[in-house]
> 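Just dropping this structure here.
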Amino acid sequence: MSDLPRVRAELRRHLVGAGEHRDPDAVADATDQLVLAFDEMSSNALRHGGGGVVSSVRGCTGGWLVEVCDDDAHTSPTPAVDRDPSQGGLGLYLIAELAVDHGWQVRAGHKAVWAVLPWPAPAPPA
């Protein structure tokens, strides 16, 4: 958990570099959303995933794939239902709202939660 601020900052720096030749405002918005999704998914795994958390962000067609794996292969990600929003538990709803696709699977004894977030298209030549 203590590494998350450093990893978020590294991710943000990488995304800013990947945003060259794209609309700067769109890149800033997409970066904020991607970092938020990464943070939500990673912190959920660290809190509830039974250890062995590995997070990754990889480029994919039209966006970025955020994947977080943990050791709790027997518990599915479950959105909060009928809970006071001040008590948390809304991260999965947020991911569903931000992502163009999302899901989870069990792979090699680990739970893998993933989301694809969009990325702005390159700006047309001037």
Side-chain angles (χ1 to χ4, degrees):
M1 198 65 110
S2 63
D3 288 337
L4 269 178
R6 178 187 53 78
V7 174
R8 278 193 309 261
E10 288 175 15
L11 177 58
R12 189 172 292 282
R13 277 191 299 276
H14 178 76
L15 293 170
V16 167
E20 290 182 341
H21 310 296
R22 299 168 195 268
D23 175 5
D25 292 333
V27 167
D29 289 344
T31 296
D32 288 344
Q33 291 176 9
L34 190 84
V35 170
L36 178 59
F38 172 85
D39 188 60
E40 280 292 328
M41 293 169 67
S42 297
S43 61
N44 280 347
L46 288 165
R47 276 190 210 99
H48 309 293
V53 175
V54 176
S55 302
S56 65
V57 178
R58 294 185 298 269
C60 63
T61 303
W64 297 92
L65 171 65
V66 179
E67 184 177 66
V68 179
C69 300
D70 64 48
D71 288 342
D72 188 5
H74 304 292
T75 306
S76 65
T78 307
V81 177
D82 297 329
R83 184 186 303 164
D84 180 340
S86 68
Q87 294 180 356
L90 300 177
L92 292 174
Y93 293 112
L94 177 68
I95 299 306
E97 186 69 28
L98 296 175
V100 295
D101 200 6
H102 65 284
W104 73 282
Q105 63 191 36
V106 174
R107 190 171 56 227
H110 299 277
K111 176 174 54 204
V113 180
W114 58 270
V116 176
L117 279 87
W119 191 245

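One-based numbering along the sequence shown.
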> Of all heavy-atom pairs between Ala30 and Pro118, which one has the smallest distance, and what is that distance?
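Closest approach of Ala30 to Pro118, heavy atoms only: CB-O, 4.1 Å.
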> Between Ser55 and Val7, does a side-chain contact (heavy atoms from CB on, under 4.5 Å) hold up when you go through it step by step?
CA-CA 10 Å; Ser55 302; Val7 174; over 6 Å; no
> Are more than 12 heavy atoms from other residues, nucleotides or ligands located less than 6.0 Å from atom CD of Glu10?
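More than 12 heavy atoms, drawn from other residues, nucleotides or ligands, come within 6.0 Å of this atom.
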> If you compare all heavy atoms of Leu4 against all heavy atoms of Ser43, which two are closest, and at what distance to 0.1 Å?
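Distance-wise, the nearest heavy atoms are CD1-CB, 4.0 Å.
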> How close do Ala37 and Leu117 get, counting heavy atoms only, and between which atoms?
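So the minimum-distance heavy-atom pair works out to CB-CD2, 3.8 Å.
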> Once you round to the nearest 0.5 Å, how far does CG of Leu11 lie from CG of Leu34?
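The CG atom of Leu34 is 5.5 Å from CG of Leu11, to the nearest 0.5 Å.
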> Supply the atom-to-atom distance Leu46 CG to Met41 CE, rounded to the nearest 0.5 angstrom.
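The CE atom of Met41 is 12.0 Å from CG of Leu46, to the nearest 0.5 Å.
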> Any sub-3.5 Å donor-acceptor pair from Lys111's side-chain atoms to Ser76's backbone N or O?
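No; judged by distance alone, with no hydrogens or angles, the pair does not exist.
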> If we ignore hydrogens and angles and just use 3.5 Å, is the side chain of Arg22 paired with the main-chain N or O of Val27 as donor and acceptor?
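Here the side-chain-to-backbone pair does not exist.
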> Would you say Asp71 and His110 are linked by a side-chain donor-acceptor pair, where the criterion is simply a distance under 3.5 Å?
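Side-chain D/A pair, His110 to Asp71: present.
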> Quick one: pull up CZ in Arg8 and CG in Asp3 and give me the separation to the nearest 0.5 Å.
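One gets 11.0 Å once the value is rounded to the nearest 0.5 Å.
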> Take a 6.0 Å sphere around NE2 of His21 and say whether it holds more than 12 heavy atoms from other residues, nucleotides or ligands.
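Atom NE2 in His21 is not packed in, count stays at 12 or less.
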> Of the options Val66, Val57, Leu15, which is the one that meets Val35 in a side-chain contact (heavy atoms from CB on, under 4.5 Å)?
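Passing option: Leu15.
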> To the nearest 0.5 Å, what is the distance between CG on Leu92 and CD1 on Ile95?
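One gets 7.5 Å once the value is rounded to the nearest 0.5 Å.
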> One pair to check against side-chain contact (heavy atoms from CB on, under 4.5 Å): Thr31 and Trp119. What are the steps and the verdict?
CA-CA 8 Å; Thr31 296; Trp119 191 245; 3.5 Å; yes
> What do the steps show when you test Trp114 against Leu65 for side-chain contact (heavy atoms from CB on, under 4.5 Å), and what is the final call?
CA-CA 7 Å; Trp114 58 270; Leu65 171 65; 3.9 Å; yes
> Show me the side-chain donor-acceptor pairs of residues 101-108 shorter than 3.5 Å, one per line, residues at least two apart or across chains.
| from | atom 1 | to | atom 2 | distance (Å) |
| --- | --- | --- | --- | --- |
| Arg107 | NH1 | Glu67 | OE2 | 3.4 |
| Arg107 | NH2 | Glu67 | OE1 | 3.2 |
| Arg107 | NH2 | Glu67 | OE2 | 2.8 |

> Charged N to carboxylate O below 4.0 Å: is that the case for Asp32 and Arg12?
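Yes, charged N to carboxylate O under 4.0 Å.
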